Novice: 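Quick one: structure below, then a few questions.
This is a predicted model, so every value here is computed, not measured. Here is how names work: the chains are called A, B, and so on, in the same order as the sequence lines, proteins then strands, and each is numbered from 1.
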Amino acid sequence: MSETLSDRYNHKEVESKNYEFWLKNNYFKAADVSTKPPYSIVIPPPNVTGTLHIGHALNHTIQDVLTRWKRMSGFNALWLPGTDHAGIATQMVVEKELLKQDVKRKDLTREQFLEKVWDWKDKYGSRILGQMKYMGDSVDWDRTRFTLDEGLSQAVREVFVKLHKDGLIYRGQRLVNWDTHLETAVSDLEVENEERNGTLWHLKYQIEGTSEFLTIATTRPETLLGDTAVCVHPEDDRYKKYIGKNVILPLLGRKIKIISDDYVDQAFGSGVVKITPAHDFNDYEIGKRHNLQFINILNPDGTLNENAGAYKGLKVQNARKKILEDLAAQELIAKEQPHKLTVPICSRSGVIIEPYLSNQWYVAIKKLAEPAKNVVKSGAITFEPESWSKTYLHWMENIEDWCISRQLWWGHRIPAWHCDDCQKITVELKDPTECSYCKSKKIHQDTDVLDTWFSSALWPFSTLGWPKETESLKTFYPTTVLVTGHDIIFFWVARMVMMGLYFVGDVPFRKVYINGIVRDANGKKMSKSVGNTVDPLDIIEKHGADSLRYTLLSLISSGKDIKFSEQRLEGYRNFMNKIWNATRFSLSNLSDFKETKQIVPEKSALNLADKWLTFRLGEVEAEVQDALENYRFSDATTALYQFVWNDFCDWYVEYTKPILYGNDSQDKKGTQMVLAVTLNRIMRLLHPFVPFITEEIFQKLPIKSASVTVDAYPTRHNDEEWLSIGNKDAHFEFELLKDVITAIRNIRGENLIKPGVKMNVKLSPGDAKVQKILEENKSAIIRLAGLDQCDIAVVKDFTKCAVSLVQKTSGQKQDHKVEVVIPLEGLIDFAAEISRIEKLIEKSSKELGSTEGRLRNDNFVKNAPPEVIEKDKARIEELKSQISTLSAQVKRLQ
RNA sequence: AGGGGAUUAGCUCAGUUGGUAGAGCGCCACCCUUACAAGGUGGAUGUCGUCGGUUCGAGCCCGGCAUCCCCUACCA
């Protein structure tokens, strides 16, 4: 009944086939109504313009592990997929496409352009969703959402109108980050600060009615055209006397006031600052404080406007050059010096961001922020790692109103209609046909669209059908956990919390798991320009999705950044191969195994290894459960790696080979059952981490079900009957056996005795119990240690022998020991053996010294808990007997 | 400037109520033993960044210092 497997794991034959299998059987579907407890995750929607990168790979693997684990654990598990329309990014991509055909966006009407974007979206927008299938993402595809879908757009409309009615959305004139290429406001998120080498120019402003000058330092001399004051520190003795007087603005000749404000740093530059309220964020604040005039000198496209006088029409950089020339001609430049400054750059277009005064839509955030703070303070939402809650709260304390309008075409158009007659604004759920104030028919819709994050903020409930009271919403909201990066805690996480609380009346998720950033092997940020990116699709092609997933999970350590290395990947690729081959071996030895159900074998049919392995299985099941519950993914992968490789492959399989190769005995039947059940358990335990290989193997096992994907996750709790096979005694005995075998191998290895040379070993048991264990497993010892002969009896004569001491404490705190004695005459050079033993003595002596020292310390004896002291005393005895045995041995060899 | 994090084996990192330092990879040696050379067996390697404090006892708790990273805000 077993099938044959190729001798090397080939992920290509396995992965796409099984994904199709899962889809065909609808295993990822979550039910709107179910008796099972709900578990839900909404995906952080990737941009439609995007392709899957390594960061997604990490983020998705975590979500998939959680979803698959909970699905197997009896939950109605939903992982909801979708994409974000990504206003700026998408508009730019399409604009670039059009430019290839020599078409500019403004050559088209808004409708024509949007048609092009939708065409592009239909063609390429689901690329990233397709790529998620290569990762094995178990999302419920039928629920795929897009932020510009009809339903989600309805939610956006509903939210906008309600917030507007509640007075929480307003229009205002403020300074915003302005992208002169895209000609729109952009969010802080899209602004990157780049350090550049610039110049600090010291300009001379003449004080009115005198021949004196004030020297003013600036990095942006062109902004002087918009200056409406110069400012000094009120306590600055150099300048106190000028406060209230005027200076003459160079080039333009305007008179502007000299004011004072604490903001000025007396030590920097000349201690005098020019104030340009319409083009600098700090100056803007000062301008408001001092009621200054706001002079805007820029057009939306970054050219200077009529306020710039002779410089009108020039681009900023050109205007700067010209202005410096003109200032120099008038000898108004006192000096210039090199200066490092940080320049705000738009991450999308790459142009320098200009602070720009414009009319925008804002959300008054304070009222929304208050409850959003409270849910984190109260623990209704927790962060993992916990420290991120501090970051979240800190930001919430200092939150400012949210500019939600963008001067783009791609996005949710703002549902506000301006009246041409009375100038008032109508905001309704249904498109109005007349002004709701003066009833004029001459109304037009606002041309702006909403910030992409506005619709993302609604994602946890808009995707579930809100504003309709759907069954989905009732079942899956609040979602269980949000998995995302720390870079969007403010832009996304915080806003989801505010919107969720305000509109649904409950938190959008109970837990926020913050995953780290994947960096290259040297810890550098991956970037296309540096060329150190790792493409997950390449890795999947080469090594398979399972290897990639296991690697990422193993590298996670509590939200810290991850250094991704090819070497680690190969290690886990090898692990996949190990799993594959262990199965191959097992199946070839289960061909005559008839059972298709798990039956707990008779005790008499079970050997020591069976009981030991099952005990370890129980331990591992508990460890994995605990790790997953605490989001400690690498703990889970480590525990499973060690169990499968070290315990199952290295010891159990090796131990049981003769049994499996032998006749159809009771023992063989028992071992086959343990083998079959353990394989079944291993595949189920591993499945959330490595779904493809486990499904492939699971289908070929003698004990299986329709699919591991929907089978039960093994835990100590639901696996009790089977796990009762294992017990502590068996564990102790087998571990002792392992130590004896390892001790023999060690002597062989250290003495360079070739495997072909058979050895005779004498095992000298310290007590009857040990003697029994050794006798019962004599043949295993002979085989696994590569012996010719093995005598079990108390040894008195150690002449010309190598000796090792194996000591173990059993559950009853009884000390058991075995002396491993190997006659070495004719096998080795004794000097080597002496030095091996002396090394052991040295190690034990060192430990003995420190332990004895501790016990000599009265304070230790007085204060330490009794069990610690007992342990130390026992250890001393152990060490002493070890040292004396070994020292005696050295003498015999000399 | 403020906030956060890091410093443990050559590399990447575990080390969860303080009680004898761990893993993977790499390295060295020996092995093609009928599941796997993407393998097996054995081995070496650490004054746990530094100085001090608390304690019988500190990788772990407290404080100073050094180095590095990230975030936020930036000096015009």
Novice: Would you say S547(A)'s side chain and L569(A)'s backbone share a donor-acceptor pair under 3.5 angstrom?
Specialist: no

Novice: Could you tell me the separation between the CE atom of M759(A) and the C1' atom of C31(B), rounded to a whole number of Å?
Specialist: 14 Å

Novice: For L569(A) and C13(B), give me the distance from atom CG to atom C1', rounded to whole Å.
Specialist: 17 Å

Novice: Does a nitrogen or oxygen in the side chain of R8(A) sit under 4.0 Å from OP1 or OP2 of A38(B)?
Specialist: yes

Novice: Let's see if you can work this out: which of A35(B), A76(B), U16(B) has an atom nearest to the side-chain heavy atoms of D265(A)?
Specialist: A76(B)

Novice: Just wondering, do I517(A) and H486(A) contact through their side chains at under 4.5 Å, heavy atoms?
Specialist: yes

Novice: Side-chain N or O of Y205(A) versus OP1/OP2 of A76(B): is the shortest distance under 4.0 Å?
Specialist: no

Novice: Grab the CG-P distance between N177(A) and U72(B) for me, whole Å please.
Specialist: 13 Å

Novice: Of the listed nucleotides (G42(B), C13(B), A76(B)), which one gets closest to any side-chain atom of T742(A)?
Specialist: G42(B)

Novice: Round to the nearest Å and state the distance from E629(A) atom CD to U16(B) atom P.
Specialist: 20 Å

Novice: Would you say R745(A) reaches U33(B)'s phosphate, i.e. side-chain N/O to OP1/OP2 under 4.0 Å?
Specialist: no

Novice: Can you tell which of V518(A), L58(A), I562(A) makes a side-chain contact (heavy atoms from CB on, under 4.5 Å) with L555(A)?
Specialist: I562(A)

Novice: On the ring face of F585(A), is K657(A) found with NZ or CZ under 6.0 Å from the centre and within 45° of the axis?
Specialist: yes

Novice: Expressed in whole Å, how much space separates the P atoms belonging to U45(B) and G10(B)?
Specialist: 11 Å

Novice: Which is true for T851(A) with a 4.0 Å heavy-atom rule: it touches a base, it touches only sugar-phosphate, or it touches nothing?
Specialist: nothing

Novice: Nearest whole Å is fine: how far is G42(B) P from I753(A) CD1?
Specialist: 14 Å

Novice: As a test of reading the structure: which of A76(B), A35(B), U41(B) is closest to the side chain of K274(A), going by heavy atoms?
Specialist: A76(B)

Novice: Pick the C1' atom in U47(B) and in U7(B), then give their distance to the nearest Å.
Specialist: 16 Å

Novice: Rounding to the closest angstrom, what is the interatomic distance between C13(B) and C69(B) at atom P?
Specialist: 14 Å

Novice: Can you tell me how far C1' of A6(B) sits from CD1 of I517(A), to the nearest Å?
Specialist: 15 Å

Novice: Let's go through E696(A) and K700(A) carefully: what are the C-alpha distance in whole Å and the side-chain angles of both, what is the deciding distance for salt bridge (charged side-chain N to carboxylate O under 4.0 Å, His left out) to 0.1 Å, and is it a yes or a no?
Specialist: CA-CA 7 Å; E696(A) 180 71 15; K700(A) 296 185 162 76; 2.7 Å; yes

Novice: Across all strands shown, which nucleotide pairs with G39(B) by Watson-Crick or G-U wobble geometry, both distances under 3.5 Å?
Specialist: C31(B)

Novice: Is N574(A) close enough to G39(B) that one of its side-chain N or O atoms is under 4.0 Å from OP1 or OP2 there?
Specialist: yes

Novice: Does any nucleotide pair with G2(B) by Watson-Crick or G-U wobble geometry, both distances under 3.5 Å, and what is it?
Specialist: C71(B)

Novice: Could you let me know what U47(B) is paired to, Watson-Crick or G-U wobble, both distances under 3.5 Å, or none if it's on its own?
Specialist: none

Novice: With no hydrogens and no angle check, just 3.5 Å: does a side-chain donor-acceptor pair link E570(A) and H543(A)?
Specialist: no

Novice: Nearest whole Å is fine: how far is G3(B) C1' from L393(A) CG?
Specialist: 14 Å

Novice: Under 4.0 Å between any heavy atoms, over every strand shown, what does V272(A) touch: base, sugar-phosphate, or nothing? Just pick one.
Specialist: nothing

Novice: Determine the Euclidean distance between corresponding P atoms of C62(B) and A73(B); express it in Å to zero decimal places.
Specialist: 30 Å

Novice: Map F281(A) and Q642(A) onto RNA chain B by nearest heavy atom, then report which one ends up closer to the 5' terminus.
Specialist: Q642(A)

Novice: Distance between the C1' atoms of G46(B) and G52(B), in whole angstroms?
Specialist: 23 Å

Novice: Between the side chains of D227(A) and Y205(A), is a donor N or O closer than 3.5 angstrom to an acceptor N or O?
Specialist: yes

Novice: Would you tell me if any nitrogen or oxygen in the side chain of K657(A) comes within less than 4.0 Å of OP1 or OP2 on A35(B)?
Specialist: yes

Novice: How is T219(A) classified with respect to the nucleic acid when contacts are heavy atoms under 4.0 Å: base, sugar-phosphate, or nothing?
Specialist: sugar-phosphate

Novice: Relative to the 5' end of RNA chain B, which residue comes earlier, N646(A) or Y263(A), by the nucleotide with the nearest heavy atom?
Specialist: N646(A)

Novice: For C74(B) and G57(B), measure between their C1' atoms and round to the nearest Å.
Specialist: 48 Å

Novice: Which base sits across from C56(B) as a Watson-Crick or G-U pair, both distances under 3.5 Å?
Specialist: G19(B)

Novice: What integer number of Å spans the P atoms of C71(B) and A29(B)?
Specialist: 45 Å

Novice: So, is W645(A) near the phosphate of G40(B), with a side-chain N or O under 4.0 Å from OP1 or OP2?
Specialist: yes

Novice: Side chain of F490(A): nearest nucleotide among A35(B), A76(B), U72(B)?
Specialist: U72(B)

Novice: Pairing donors with acceptors under 3.5 angstrom, does anything connect the side chains of H290(A) and D261(A)?
Specialist: yes

Novice: Is K578(A) near enough to A35(B) that one of its side-chain N or O atoms lies under 4.0 angstrom from OP1 or OP2?
Specialist: no

Novice: Under 3.5 Å for both donor-acceptor distances, Watson-Crick or wobble: does A14(B) have a partner, and if so which one?
Specialist: none

Novice: Measure the distance from CZ on R220(A) to C1' on C74(B) and round it to the nearest whole Å.
Specialist: 13 Å

Novice: Using a cut-off of 4.0 Å on non-hydrogen atoms, how would the nucleic acid contact of N398(A) be classed: base, sugar-phosphate, or nothing?
Specialist: nothing

Novice: For G39(B), does either OP1 or OP2 sit under 4.0 Å from a side-chain N or O belonging to N577(A)?
Specialist: no

Novice: From the list G15(B), A35(B), U12(B), which nucleotide is the closest neighbour of the side chain of R632(A)?
Specialist: G15(B)

Novice: A58(B) and G42(B): how far apart are their P atoms, nearest whole angstrom?
Specialist: 35 Å

Novice: From the set U16(B), A76(B), A35(B), return the single nucleotide nearest to any side-chain atom of L200(A).
Specialist: A76(B)

